[in-house]
Amino acid sequence: MKKYLIIILICLIGISSSGCAVTQVLENKADNQKHAEEVSKKLIRYINEKDVDGIEQLFNQYSRNEKKLRKDIEDFLDYIDGEIEDYDFNYRGEISSSIRDGKWTRQKTQTKLENIITDTGKKYHHISFSEYVIYTDDKDKIGITILTLHDENNKLLYRICYM
């Protein structure tokens, strides 16, 4: 009987000590989702305004150092027929991360804007973007690294990718 009580006590201590970590993970996910919503709204506005500079600023510094990025953004915009009027926000969440000494040192997320409809009636399956939201060893890597556009049949129309 004492063995069972000791085992139960050890389990309770383990669960209670991991509660802080769970709370931290949930708070981080909520912060990242809020950030992704803000970036999504900016991206849609910049797409509708054909604002190459605005979209370029969403990319990380490494991507912005690529001479071809501006041309890639212009080509990306050429594939979108009309202004985006409706879409569904789908935060996919963390796709990779690293933790050191109990703190995130690198975290990459993915977001999809799905079921896109433009004012011309054109439909797209989704626009997706991946971005580093945390990169403590190299702040220049924070920002979008991948941006894709898929037609209504989910066929890739255009992809911008600078790692």
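As a basis for the values below, the full set of heavy atoms in this structure was taken, side chains included, without hydrogen atoms, waters or symmetry mates. The first residue of the sequence shown is numbered 1, and numbering continues consecutively from there.
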Straight-line distance of D88 CG to L113 CG, nearest 0.5 Å: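 Output value for this atom pair is 9.5 Å.
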By side chain to side chain donor-acceptor pair (under 3.5 Å), which residues pair with Y162, not counting sequence neighbours?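 Only D72 meet the side chain to side chain donor-acceptor pair (under 3.5 Å) criterion with Y162.
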Would K139 pass as a cation-pi partner of Y135, given that its NZ or CZ must be under 6.0 Å from the six-membered ring centre and within 45 degrees of the axis?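 K139 over Y135 ring: no.
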Do the numbers put K141 on top of the ring of Y132, so that NZ or CZ is under 6.0 Å from the six-membered ring centre and no more than 45° off the axis?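 No, K141 and Y132 do not form such a contact.
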Looking only at heavy atoms, which two atoms of Y79 and Y158 are closest? And how far apart?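 In this case the closest contact between Y79 and Y158 is CE1-CD1, 3.4 Å.
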So, for T118 and D81, which heavy atoms are closest and what is the spacing to 0.1 Å?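 The pair with the smallest heavy-atom distance is OG1-O, 2.7 Å.
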Does [X] reach the side chain of [Y], with side-chain heavy atoms less than 4.5 Å apart?
X	Y	answer
L147	F76	yes
T111	S128	no
Q107	N32	yes
S130	K108	yes
V133	D31	no
D151	H125	no
L69	I160	yes
R100	D137	yes

How are the rings of F89 and Y91 set to each other: parallel, tilted or perpendicular (split at 30° and 60°)?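 Judged by the thresholds at 30° and 60°, the geometry between F89 and Y91 is parallel.
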Please walk me through it: do K42 and D51 pass salt bridge (Lys or Arg N to Asp or Glu O under 4.0 Å)? CA-CA 10 Å; K42 287 180 185 178; D51 184 350; over 6 Å; no
Quick one: do R70 and D53 satisfy salt bridge (Lys or Arg N to Asp or Glu O under 4.0 Å)? Show the steps, please. CA-CA 8 Å; R70 291 187 64 78; D53 292 331; 2.6 Å; yes
Is any NZ, NE, NH1 or NH2 atom of the basic residue among K50 and D78 found under 4.0 Å from an Asp or Glu carboxylate oxygen of the other?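 Salt bridge between K50 and D78, a charged N being under 4.0 Å from a carboxylate O: no.
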Tell me which one of H126, E114, Q110, K112 satisfies side-chain hydrogen bond (donor to acceptor under 3.5 Å, both in side chains) with N90.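 That would be E114.
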Check whether R64 reaches the backbone of F59 with its side chain - one donor and one acceptor, N or O, closer than 3.5 Å.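 Answer holds: yes.
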